[in-house]
Amino acid sequence: MNDAAHDGDEGSKDFVREVIREDLEAGRTQTVVTRFPPEPNGYLHIGHAKSMCLNFGVAEEFSGRCHLRFDDTNPTKEEHEYIESIQEDVRWLGFDWGEHLFFASGHFDTLYEWAQHLIRAGKAYVDDLSPEEMREYRGTLTEPGKNSPYRDRPMEENLDLFTRMKAGEFKEGARVLRAKVDMASGNINMRDPVIYRILHAEHPRTGTEWCIYPTYDFAHGQSDAIEGVTHSLCTLEFADHRPLYDWLIASLPVPFVPRQYEFSRLNLTHTVLSKRRLIQLVEENHVRGWDDPRMPTLRGLRRRGYPAPAIRDFAQRVGVTKSDNVIEVQLLDHCARELLNKTAERRMAVLRPLKVVIENYPEGEDELLDAVNNPEDESAGKRQVPFSREIYIEREDFMEDPPKKFFRLGPGREVRLRYAYFITCTEVIKDDSGEVIELRCTYDPATRGGDAPDGRKVKGTLHWVSAAHAIAGEIRLYDHLFTEAEPSAGEGFLNGLNTESLTVLEGCKLEPSVAELPADAALQFERQGYFNRDPDSNDERLVYNRSVGLRDSWAKIVAKGGANT
RNA sequence: UGGGGAAUAGUUUAACGGUAGAACGACGGGUUCUGGUCCCGUUAGUCAAGGUUCGAAUCCUUGUUCCCCAGCCA
């Protein structure tokens, strides 16, 4: 995975790795320690994947380690279920934290002692202001705040009140512990931030042991220090917190001084990545759940059939900088296709079947034809596909009045059935409404396998499935969740939902060997795209998700209206 | 009007005072039993204005635009 590091040809790569390299060279640290710090209040999405690839990737490249640490400081929002599912998702993406599983809650005792330390140093006080009053005292972005009347409470009284907060003597919200920094600071995070609050809630890990909990600012950097994290990598919105991060570390008896560095978060076109919006999509049933294949969650992507290595490749290509960015989803699709093209076995499946009867093929007979499993990988071998007099082809592979650039089947035209024979359309059968319901064709027995001995060429090759041997399947096609590349901010974003993001096709015809594939095999249905079996599949019915379609130059011609030119 | 961050092809991203390069996309062509893959080519960029320098994306000045911050969320 880190071959480049051994080739000696690796450059600065990105500013984080550059900083680390300098720190190593300057001897500021011997070992690189990073951490991936999710809050267990939701499922991981592709934005988290970027963070994991950075944190775990850097640790591996520099022979250090990366901790998995749950930032579980707010019991009112966190659940045990997420602690499990997050670990599962991290493993699925391909990362291993080894022995280094931590919880901010595991550091609660130390954090409590450190809070007392701060009080004794005159750097923290218990405040009785209500949340509303505190907001008023805080000032605004352009005006300084003013000191709380409780700011100069004697140290002994602060210690006593803090002890009583811990003992559960006060109601939620009645008092908080605040760091005494600077109410006039231009940086609002420095205006005496709350570092402990009363929460009479049951914690997923510590139960009812505590009723006061540290805030993010008093837990994150402190956990970094306790665990010996050298490089605490977070997203840009925390840059404003860095002065506080450093102030607290400098004010506490920490065993180690960690440093925080910020990079810009990932944004993707045609989707949303904020936790709040994702929750809304699920709760209002705009999608079928957190693992809906349209969701940008890791569970969604996995169910959709995006392989973990493709997501890691994507994260690597996207880079790490401090500039705002919106990555085009096409890049993600490209990463998936590139990997799947090399690894996915090919099969044939007809999504929208049109029956074809080959009139000169003997009735009641069939035969097996050789088909290559993966033209990109000879070791994938071959399989045999049954052929017979009645087959299905794709409806869109036939046009009664084809435009000039249409290379597929039409009245009187000859095309190749992949790995089978050349066939020529001799008759078109329609129902009362004029819809084509069946084609009559003849085949050339001399073209068995797909080549004409006389060197005759055809312009089109179609996939097909023998009617008698086909197995039925349901196929789900996906499109962007949002029509616009960048869904509007605010509540209006739901207006941009793509009403056609899901297309369910029933009555699809699958090549019989599909049933023998392992349930988790990624495959390509030739000329259609890459697919994987959905967990909704059972003994009676197979359900396939299209992960991503093949690049489709014919669709582009049609879209431009140039089919006739 | 406070504090912090960022501006390089359509989108991401390299460059560390010395030829602005890559990937994705788009467009055109070649190969092909997948209108796929692969191969070749085209397109297109330093936010602006000054300054320093033989030489500036890079250093300085001024300005412009965008993003984040006023939770007892993280």
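- Of the candidate nucleotides B/C68, B/G25, B/C69, B/G25 has the atom lying nearest to any side-chain atom of A/H334.
- You'll find that the side chain of A/T73 is closest to B/A74, out of B/U34, B/C27, B/A74.
- Among residues two or more places apart in sequence or in another chain, the salt bridge (charged side-chain N to carboxylate O under 4.0 Å, His left out) test is passed with A/D128 by A/R153, A/R175.
- In this view, A/R337 satisfies the salt bridge (charged side-chain N to carboxylate O under 4.0 Å, His left out) rule with no residue, not counting sequence neighbours.
- Between B/G41 and B/U46, the two C1' atoms lie 25 Å apart (nearest whole Å).
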Could I get a table of every N or O pair under 3.5 Å where one atom is in the protein and the other is in nucleotides 37-39 of chain B?
from, atom 1, to, atom 2, distance (Å)
B/U37, OP1, A/R551, NH1, 3.4
B/U37, OP2, A/R551, NH1, 3.3
B/U37, O2', A/N341, ND2, 3.0
B/U37, O2', A/E376, OE1, 3.3
B/U37, O2', A/E376, OE2, 3.3

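- Taking CD of A/Q528 as the reference point, atom OH of A/Y544 lies at 14.5 Å (rounded to 0.5 Å).
- With values rounded to the nearest 0.5 angstrom, A/F525 atom CZ is found 5.0 Å from A/I475 atom CD1.
- B/C24 sits 10 Å from B/C39 when the P atoms are compared, rounded to a whole Å.
- Between A/F162 and A/Y112, the angle of the ring planes stays under 30°, which puts this pair in the parallel group of the 30/60° scheme.
- Distance from the side chain of A/E39 is smallest to B/C73 among B/C16, B/C72, B/C73.
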For nucleotides 9-11 of chain B, tabulate all protein N/O to nucleotide N/O atom pairs closer than 3.5 Å, reporting atom names and distance.
from, atom 1, to, atom 2, distance (Å)
B/G10, N2, A/E328, OE1, 3.0
B/U11, O4', A/E328, OE2, 3.2
B/U11, O3', A/V326, O, 3.3
B/U11, O2', A/V326, O, 3.1

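- B/C16 sits 12 Å from B/C59 when the C1' atoms are compared, rounded to a whole Å.
- A salt bridge is absent between A/E133 and A/R135; no separation between the charged side-chain nitrogens and carboxylate oxygens falls under 4.0 Å.
- A straight line from CG of A/L339 to P of B/A23 spans 19 Å, rounded to a whole angstrom.
- Remark: A/T321 is in phosphate contact with B/U13, judged by side-chain N or O atoms under 4.0 Å from OP1 or OP2.
- By the side chain to side chain donor-acceptor pair (under 3.5 Å) test, A/E378 is found to be paired with no residue, residues two or more places apart in sequence or in another chain being considered.
- For A/S323, a side-chain nitrogen or oxygen approaches OP1 or OP2 of B/U13 to under 4.0 Å.
- Remark: the separation of the P atoms in B/A14 and B/G71 is 35 Å, to the nearest Å.
- Atom CZ of A/F103 is separated from atom OG1 of A/T73 by 13.5 Å, given to the nearest 0.5 angstrom.
- For A/R197 and B/A74, the shortest distance from a side-chain N or O to OP1 or OP2 is below 4.0 Å.
- The separation of B/U61 from B/A23, taken at their P atoms, amounts to 37 Å, rounded to a whole angstrom.
- Nearest-nucleotide assignment on RNA chain B puts the 5′-proximal partner with A/L550, out of A/Y216 and A/L550.
- Of all nucleotides listed (B/G71, B/G4, B/G35), B/G71 comes nearest to the side chain of A/R138.
- Contact annotation: A/K556 side-chain N/O to B/C27 OP1/OP2 distance is under 4.0 Å.
- In this structure, the side chain of A/E394 engages the main chain of A/L351 through a donor-acceptor pair within 3.5 Å.
- At least one donor-acceptor pair closer than 3.5 Å links the side chain of A/E78 to the backbone N or O of A/N74.
- Using a 4.0 Å cut-off between a side-chain N of Lys or Arg and a carboxylate O of Asp or Glu, A/R151 and A/D192 qualify as a salt bridge.
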Shorter than 3.5 Å, N or O on both sides, protein versus nucleotides 1-3 of chain B: list them out with atom names.
from, atom 1, to, atom 2, distance (Å)
B/G2, N9, A/L141, O, 3.0
B/G2, N2, A/G186, O, 3.3
B/G2, N3, A/L141, O, 2.8
B/G3, O4', A/G186, O, 3.3
B/G3, N2, A/D240, OD1, 3.3
B/G3, N2, A/D240, OD2, 2.7

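- Taking atom P in both B/C47 and B/U13, one finds a spacing of 14 Å when rounded to whole Å.
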(message) Apply ring-ring contact (aromatic ring centres under 6.0 Å, His included) to residues A/F108 and A/H203 and explain how you reach the verdict.
(response) CA-CA 12 Å; A/F108 279 175; A/H203 187 281; 5.8 Å; yes
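- A distance of about 36 Å separates the P atoms of B/A74 and B/U11, rounded to the whole Å.
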Considering only nitrogen or oxygen atoms on both sides, find all protein atoms under 3.5 Å from nucleotides 63-66 of chain B and state each distance.
none

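- A/R418 pairs by the salt bridge (charged side-chain N to carboxylate O under 4.0 Å, His left out) definition with A/E526, not counting sequence neighbours.
- Between A/K560 and B/C27, a side-chain N or O to OP1/OP2 separation shorter than 4.0 Å is present.
- Residues satisfying the side chain to side chain donor-acceptor pair (under 3.5 Å) criterion with A/R191, sequence neighbours excluded, are absent altogether.
- Salt bridge A/R265/A/D324: absent, no basic N to carboxylate O contact under 4.0 Å.
- Residues passing the side chain to side chain contact (heavy atoms under 4.5 Å, CB included) test with A/R448 are A/E367, A/L369, A/Y421, sequence neighbours excluded.
- By the rule that a glycosidic angle within 90° of 0 means syn, B/G71 counts as syn.
- Take the nearest nucleotide of RNA chain B for A/Y419 and for A/H241: the residue whose nucleotide is more 5' is A/Y419.
- Rounded to an integer number of Å, the gap from NZ of A/K322 to C1' of B/C67 is 13 Å.
- Between A/R527 and B/G35, a side-chain N or O to OP1/OP2 separation shorter than 4.0 Å is present.
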(message) What does the 5'-to-3' dot-bracket notation of RNA chain B look like when only Watson-Crick and G-U wobble pairs under 3.5 Å count, and pairs to other strands show as |?
(response) .((((((..((((....[..)))).(((((.......)))))....(((((..]....))))))))))).....
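- Judged as a salt bridge (charged side-chain N to carboxylate O under 4.0 Å, His left out), and not counting sequence neighbours, A/D72 has no contacts.
- Note that A/K123 lies in the cation-pi zone of A/W247, set by a 6.0 Å cut-off to the ring centre and a 45° limit from the axis.
- B/U31 and B/A49: their P atoms are spaced 48 Å apart (whole Å).
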